[in-house]
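Remarks on the structure that follows.
Numbering of ligands and ligand atoms starts at 1, following listing order. These numbers were taken from a predicted model, which means no experiment stands behind them.
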Amino acid sequence: MVAVRRSTLLLIVLSALVWCLGSASAAAAMRVVIGTSVQGRPIVAWTFGSAHAKRKILVVGCIHGNECAGLAITSALRRAPVPNGVQLWIVPEMNPDGTAAGTRQNAHGVDLNRNFPYRWQRISDPVYRSGSRAASEPETRAAMRLVARIRPAGTITYHQHMDLVDMAGGDRGVARRYAQLAGLRATCLTFLAGVETGWSNSSFPGTTSFVVELPAGAVGPRALARHLRAIGGVELGQRSGSATRCDSITQAS
Ligand SMILES: [Zn+2]
């Protein structure tokens, strides 16, 4: 009888231990629904690291649904360690309807990266349609709510197929360092109305949002390793050169 009680007790202790371990790993990676697409798909963010971390980093795998090579990077990033003092937010798909349909635009035919409310302009070209007004689209508003809530020190959004880093208007030293580590050319593309980088960099001074234009095709294992290293550089606050100068540099490492 005593033996049975002891084994029962042992089972309870073991169950509690397994439950605790399970809770710890669940707390390390949290799934957050940040909004809903036009067609009702959840827009999902994954968070890693402490919510109390001072430095938040946001990585968006795909916003133009036909430029989604970055999903391989966000997928691998979810298995990579996060440095202490950093909370990493990953949104694999900011435009899940576009990804499902293989279209650049969302289900309203709007180019989300022309729909942000910084120097928004009406664009009727069906490729770059800007929407009926600034932030007219639920996906745009979900992205804005997230950025306003977490104020990421660094935001990286993947596009294709230009094979470069567009340093945009934040701290270009941060984007330049990413480009060096990723083995890409860093440059400043012409300003465009209604883009996420323009809105984020102008709304939250001291933060940096930039674009990584991956080459066409899939991200190979060597490139993947370099991009993970480059994200690590952003997580650690690494930067290179001028914060403002818009230049073009060749691969440095
Ligand atoms: Zn794009």
Side-chain angles (χ1 to χ4, degrees), residues 35 37-38 41 43 58-75 77 90-131 134-144 146-147 152 154-170 172 175 178-179 182 184-202 208-219 223-224 227 230-231 234 246:
S37 70
V38 170
R41 291 185 171 88
I43 301 170
L58 171 61
V59 180
V60 177
C62 186
I63 188 168
H64 287 145
N66 57 351
E67 303 174 1
C68 288
L71 292 178
I73 300 173
T74 52
S75 176
L77 188 60
I90 301 174
V91 179
E93 298 186 36
M94 199 61 91
N95 178 13
D97 296 348
T99 304
T103 61
R104 174 185 179 90
Q105 306 82 3
N106 74 350
H108 284 156
V110 173
D111 181 340
L112 299 175
N113 205 34
R114 299 294 185 276
N115 189 237
F116 284 80
Y118 180 68
R119 293 168 62 180
W120 179 88
Q121 285 176 13
R122 187 177 301 279
I123 302 168
S124 51
D125 181 327
V127 177
Y128 308 106
R129 186 173 289 143
S130 58
S136 58
E137 303 309 302
E139 297 90 346
T140 309
R141 294 194 297 274
M144 290 170 63
L146 178 64
V147 170
T155 298
I156 303 161
T157 305
Y158 292 102
H159 290 254
Q160 285 180 285
H161 318 271
M162 296 177 76
D163 197 12
L164 53 81
V165 170
D166 176 16
M167 296 190 280
R172 288 170 182 155
Y178 184 104
L184 293 175
R185 184 166 62 97
T187 191
C188 296
L189 298 177
T190 309
F191 175 82
L192 295 167
V195 297
E196 190 279 339
T197 49
W199 171 77
S200 186
N201 288 321
S202 64
T208 299
S209 177
F210 64 94
V211 161
V212 177
E213 284 271 354
L214 298 165
V219 178
L224 183 62
H227 283 284
I231 294 167
V234 176
C246 198

TODO: Starting from the Zn ion (ligand 1), look over the N/O/S atoms of His159 and name the nearest one.
DONE: ND1
Open item on the list: So, of the N/O/S atoms that His64 has, which is the nearest one to the Zn ion (ligand 1)?
Closed with: ND1
- [ ] Ignoring hydrogens and angles, tell me if any N or O in the side chain of Ser200 forms a donor-acceptor pair with the backbone of Thr197 under 3.5 Å.
- [x] no
Open item on the list: Looking at the Zn ion (ligand 1), is there an N, O or S atom belonging to Glu67 that lies under 2.8 Å away from it?
Closed with: yes
TODO: Output, in order, the C-alpha distance, side-chain angles, deciding distance and verdict of salt bridge (Lys or Arg N to Asp or Glu O under 4.0 Å) for Arg185 and Asp163.
DONE: CA-CA 8 Å; Arg185 184 166 62 97; Asp163 197 12; over 6 Å; no
- [ ] Output the distance between atom CZ (Phe116) and atom OG (Ser209), rounded to the nearest 0.5 Å.
- [x] 8.5 Å
- [ ] Measure the spacing between CG of Asn106 and CG of Asn113 and express it to the nearest 0.5 Å.
- [x] 12.0 Å
